[in-house]
Amino acid sequence: MPGVLPDSAIRAMISRGGITAALPVTEAQIQPASLDLRLGQTAYRIRASFLAGRGTRVDARIAEFEMHRMDLGNGAVLEKGCVYIVPLVEGLALPAGVTAVANAKSSTGRLDLLTRVITDGGTEFDRIPEGYTGPLYAEICPRSFSVLVRPGMRLNQIRFRHGPAALTDPELKALHSAEPLVSGEAVIDGGLGFSVDLRPEAGALVGYRAKPHTGVIDLERIAHYPASDFWEELHSRDGRLILDPGAFYILVSREAVTIPPDFAAEMAPYLAMVGEFRVHYAGFFDPGFGHGQGQGSRGVLEVRCHEAPFVLEHGQVVGRLVYERMQARPERLYGAGIASNYQGQGLKLAKNFRAG
């Protein structure tokens, strides 16, 4: 049956050797519709980002572009503006008909860590074709903050699909009619459109902008760092925000979104016709996101402006959610008995920060 593989199918892939690992996969890694990937022991500082290309192994490219390497065993700092390759603990032996797509985890994206999976012979980031057998690597480029990492940390996640899974617009409209997917009017065109909230119901706080010169963030430390040391609060009273080139922002969607239990979704990371910015590094929404939360949960938007200053207006459509059918309903839904840090979220920074 076509669809995104649920947690039970991921466990079956592990037992059959479709997912390999140098260390046993833990239950904490298995999410409703994805698997968290763990950093290995070594980080390679490289001169530039790369894709291996057809017929070429990643380790051969590392040998070509390596500047130095670091043992992560006692913790090591990945510096802002540098590019690193870290072999992952997990590898794949994908069966015929099963493809994989990777993405940054929520907290990774909210820290502006550009983190992508590459493979031997790969010609795309984060996309793995059926039949791929080999290792996985994370390319990590901290954009706003230097970070301290250790082996076993989970910055990326991977989702598996059997055959075509995306809903067509007519199918999405029918699903919305049966179970409302979004508060307010549904804008459906190549997925479910979402817009930015720059007129909050209470107060004038609309988001945060990363400060340019900050300390190191230890990714293991939860609710540890005062937000004001790393982020500038953004207020708007006219429903407008001017994005600065090169700056990184945390904003929130105007709409509250629901992902029903038999579906998953992926946020399209960038649409050229929207404007000179990229929205959302961390693009996976698991089954159950916003489900049972009244009108759903709002999506946090990770926004980076590119070459030119750009005026963002309240209610402006900035991206879309592509819904996919699950192959089967997961045994556990997002936020139900698992460590889901962002269920019922509004405007929220990464879990490493606290008020102050």
Side-chain angles (χ1 to χ4, degrees), residues 4-7 9-26 29-31 33-67 69-73 78 83-105 108 113-141 149-165 266 283-284 327:
V4 173
L5 272 57
D7 45 13
I10 292 172
R11 293 187 188 94
M13 281 187 68
I14 294 167
S15 66
R16 292 195 299 263
I19 299 168
T20 61
L23 300 169
V25 175
T26 67
Q29 291 175 251
I30 302 174
Q31 305 303 323
S34 61
L35 176 73
D36 293 347
L37 301 173
R38 296 169 291 179
L39 298 182
Q41 192 72 27
T42 305
Y44 299 89
R45 167 79 165 92
I46 57 172
R47 288 184 285 140
S49 171
F50 64 78
L51 288 165
R54 298 190 189 281
T56 305
R57 293 166 52 102
V58 172
D59 55 13
R61 292 290 194 196
I62 291 175
E64 186 177 356
F65 295 112
E66 178 186 351
M67 298 173 68
R69 65 186 68 180
M70 301 182 295
D71 186 340
L72 303 184
L78 306 185
V83 184
Y84 301 87
I85 298 293
V86 180
L88 297 172
V89 174
E90 288 74 28
L92 296 178
L94 291 180
V98 175
T99 61
V101 57
N103 220 312
K105 288 176 62 65
T108 308
L113 286 174
L114 179 59
T115 308
R116 304 181 287 193
V117 168
I118 59 175
T119 60
D120 290 344
T123 57
E124 292 182 275
F125 292 107
D126 287 335
R127 297 293 188 268
I128 305 165
E130 63 175 320
Y132 175 77
T133 298
L136 299 174
Y137 299 82
E139 179 202 87
I140 305 170
C141 180
V149 300
R150 298 176 181 85
M153 284 185 169
R154 310 196 304 261
L155 305 187
N156 303 75
Q157 54 194 339
I158 192 166
R159 180 175 280 180
F160 303 94
R161 298 187 182 106
H162 185 272
E266 183 175 4
F284 288 163
Q327 191 180 58

Between V98 and E130, is a side chain to side chain contact (heavy atoms under 4.5 Å, CB included) present by the stated rule, with each step listed? CA-CA 5 Å; V98 175; E130 63 175 320; 5.7 Å; no
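- Under the 4.5 Å side-chain criterion, counting only non-hydrogen atoms from C-beta, I158 is in contact with I128.
- Taking 4.5 Å as the limit, some side-chain heavy atom of S49 sits within range of a side-chain heavy atom of R116.
- By the side chain to side chain contact (heavy atoms under 4.5 Å, CB included) test, D36 is found to be paired with Q29, Q31, K105, R154, Q157, residues two or more places apart in sequence or in another chain being considered.
- We find the CD1-CD1 distance between I30 and I19 to be 7.5 Å, quoted to the nearest 0.5 Å.
- Take R161 and apply the side-chain hydrogen bond (donor to acceptor under 3.5 Å, both in side chains) test, not counting sequence neighbours, and it matches E266, E324.
- Side-chain N or O atoms of T20 include none that pairs as donor or acceptor with a backbone N or O of G17 at under 3.5 Å.
- In terms of modelled atom types and a separation under 3.5 Å, the side chain of D126 and the main chain of V117 share a donor-acceptor contact.
- Under the rule for a side chain to side chain contact (heavy atoms under 4.5 Å, CB included), the partners of R150 that lie at least two apart in sequence or sit in another chain are L148, M153, D218, E220.
- V83 is not listed as a side-chain neighbour of F50, based on a closest heavy-atom distance of 4.5 Å or more.
- Between the side chain of T115 and the main chain of N156, no donor-acceptor pair closer than 3.5 Å is present.
- Under the 4.5 Å side-chain criterion, counting only non-hydrogen atoms from C-beta, V149 is not in contact with I140.
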